[in-house]
Protein chains: 2
Amino acid sequence: MTKMSDVAKLANVSTATVSRVLRNPKTVKKSTQQKVFEAIKQLDYQPNILARRFRTNQTKTILVVVPSLTNLVFSEIIAGIDRVAMEQGYQVLLGDTNKQLEKAQNFINHLKQKQVDGAILLTVRLDQDLWKEIANHYPIVLASDFVEDMKVPTVTIDNVKSGFEVTEHLIKLGHRKIAHVSGSADVSVSQERVKGYCKALRHYDIPFDSDLFIEADYSIEWGYSSVKKLMAQKSNPTAIFFGNDEMAMGGIKAATEMGIRVPEDLAVVGFDDIKFSAIYNPPLTTISQPLHEMGKKAMELLVKIMDGEPLETEKYVLESEFVVRDSCGAKITGK
Amino acid sequence: MTKMSDVAKLANVSTATVSRVLRNPKTVKKSTQQKVFEAIKQLDYQPNILARRFRTNQTKTILVVVPSLTNLVFSEIIAGIDRVAMEQGYQVLLGDTNKQLEKAQNFINHLKQKQVDGAILLTVRLDQDLWKEIANHYPIVLASDFVEDMKVPTVTIDNVKSGFEVTEHLIKLGHRKIAHVSGSADVSVSQERVKGYCKALRHYDIPFDSDLFIEADYSIEWGYSSVKKLMAQKSNPTAIFFGNDEMAMGGIKAATEMGIRVPEDLAVVGFDDIKFSAIYNPPLTTISQPLHEMGKKAMELLVKIMDGEPLETEKYVLESEFVVRDSCGAKITGK
DNA sequence: TTGAAAGCGCTAACAA
DNA sequence: TTGTTAGCGCTTTCAA
């Protein structure tokens, strides 16, 4: 492996000069730069990044903690993060927790041991306290999820508002028995969407019916079984608001199997607008999140923090969009 | 930041001993270990990984080069890789190429500069030659994709066989005008699936009809537009074999819009068996790939190579499974 | 504008 | 079983 001293020797300069050419070219005379570049080329020199990192004490790497990689919502956000990371010369290290909380400690060590310069969390669950503590000492940004009184920049959408919007839409369509199948309660976005749902019911004087509320998990399977359960009750709903699109699709599948037509017999709304929602049969009414944008914004914030720019601990709320398609029956009802 | 020498001082031993306790505990007396551990705890010492990496010249990090993160096939494989990586103490660095070939050089530098100990490629396109060269010098494994005469361990399924199987199934269902919408030709898996398709046609004496073959891209949009095109022709197909499930769903969407019923008027088969295929309407007949398994296997191989274990340059072919659901009409035809 | 030289914190060869 | 010690290759301060 050729090293810097080899280059220096060939170019007839000191290693300091070679280093300068690489990191601060303006401080070196043009002609000297020339010599150095030629030597580098001639020797096919590659700086030893490990040595550089050790010396400068920064990794130019960030960690993304994600509960599940195979969730399109998260992979889309990560793609956004990766985009900006690349532009800014950062690498992205994957931290798939597989929903196992114990992993958190592991990832926190990455920060403590300087394996990464900062982290973006796409989810914080019961490991809240661990992260809260660590957020005081290391650059951290939250995306998608958010945590009450965690003093950390956060990029989200207004989940309460969106939940309200969905429910209100169903109410205006004439529904009174509107069920909500929420994602796991330990994720704040679920709670927020529930809040929006409840708020809309209250606003339109519809009593909350616990038979029409199911706390599930953001998966196709849970959507499926929730519908089986809901529709087996005597007081079954005429509309269901699912916490995400996967659940909604699983739910529609179950309904179809039971001979319940969507949207004629049952209106359905999802959340996220993943790429399969528009082509699902029926096309899903849902809330579209600017996921890629969220990822980009989160990474931009993180870079600022890592660069030491003072940043008010703020919550950045991006715009979501209510997308009306067939599954809620709006087009049939003609509203 | 407390460093090793602080621990050594407190424990009344040398740094060498502290280092041994951390990396090779058996070579140190129990009682000494005890002392050291206490000092570590008392000082909340975290080893400086950057220094360690520099010194040992290994990163315990691998690179995964992926064309697109938001593709469920890849994210599933990555999840498998990540699983084994974690167990083996490796970190996974993300290399999303966004299908841009120029990125390859960038990632190759990661290897050259020792930012990673090895790499798993989920795709090799026109950048083949670059990779072929690099594969001689660094630990590399291919997963999902494969490259002719690239001397590198590869984990795949038998795409030719699967393509044959699908086509044969459609033929046995009575179809003669079977179209194939393939993924981009610069990916070998696409070519293999096409080969399987052609082989089956030949085997059953059905002439290849170029009007029934479209080279597309693995996306919903291309599936959609391919069907619009295919079904507008005079000699339109009675069955379509799509190169992946996303295309198949896009295709069914297009068919539905055109008043063509699937599977009654048009049989459809996809490839991959992503999680939405089973609940799509109609449920998709498809080939199920052991994606998670592929990822795990690939990482296992890479670890072996990085550990210097001699490994024959082999192609590991995992079993895929033909999953018959409604979209191909088999259940209607009663076969 | 350049060079000399001092480390960064750790590991491992060698000695004891 | 433990300690001494010599770097790993780079960056950066200080001096010229």
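We name chains A, B, ... by the order of the sequence lines, and we start the count at 1 in each one. It should be emphasised that the depicted structure is a prediction, and the values quoted were computed from it without experimental measurement.
- Put simply, CG on A:L50 is 15 Å from P on C:dC10, counting in whole angstrom units.
- Going from atom CZ of B:R55 over to atom P of C:dA12 covers 6 Å, rounded to whole Å.
- Residues B:R83 and A:D96 are not paired through a salt bridge, judged by the lack of any N-O separation under 4.0 Å between the basic side chain and the carboxylate.
- Taking atom NZ of A:K26 as the reference point, atom P of C:dT2 lies 15 Å away to the nearest angstrom.
- If you walk DNA chain D from 5' to 3' and mark each nucleotide with an atom closer than 4.0 Å to a heavy atom of chain B, the marks span D:dT1 to D:dG9.
- Mapping A:A51 and B:K29 onto DNA chain D by nearest heavy atom places B:K29 at the nucleotide closer to the 5' end.
- In this structure, B:I49 places its CD1 atom 19 Å from P of C:dC8, rounding to the nearest Å.
- Atom pair A:N57:CG and C:dG7:P shows a separation of 17 Å (rounding to whole Å applied).
- For the side-chain contact (heavy atoms from CB on, under 4.5 Å) criterion with A:I140, the lone passing option out of A:L63, A:V124, A:V65, A:L111 is A:L111.
- Within the model, atoms OG1 of B:T17 and CE of B:M4 stand 10.5 Å from one another, a figure rounded to the nearest 0.5 Å.
- Atom NZ of A:K30 and atom P of C:dT1 are 10 Å apart (whole Å).
- Checked by atom type, the side-chain pair B:Y218/B:S190 shows a donor-acceptor distance below 3.5 Å.
- Within the 4.0 angstrom heavy-atom criterion, only backbone atoms of the sugar-phosphate kind lie near B:T17; the bases stay farther away.
- With salt bridges taken as basic N to acidic carboxylate O contacts below 4.0 Å, none links A:R125 and A:D145.
- Side-chain N/O atoms of B:Q33 and B:R20 include no donor and acceptor closer than 3.5 Å.
- A sub-4.0 Å separation between OP1 or OP2 of C:dT11 and a side-chain N or O of B:R52 is present.
- We find that the ring of B:F54 and the base of C:dC10 do not stack by the test of centres under 5.5 angstrom and planes tilted less than 30°.
- The separation between A:K35 atom NZ and C:dT1 atom P is 14 Å, rounded to whole Å.
- Ranked by how close their nearest DNA chain C nucleotide is to the 5' end, A:T15 and A:V28 are led by A:V28.
- Between the side chain of A:R20 and the base of C:dG3, at least one donor-acceptor pair of N or O atoms lies under 3.5 Å.
- In this structure, A:K9 places its NZ atom 20 Å from P of C:dT2, rounding to the nearest Å.
- Atom NZ of B:K304 is surrounded by 12 or fewer heavy atoms from other residues, nucleotides or ligands within 6.0 Å.
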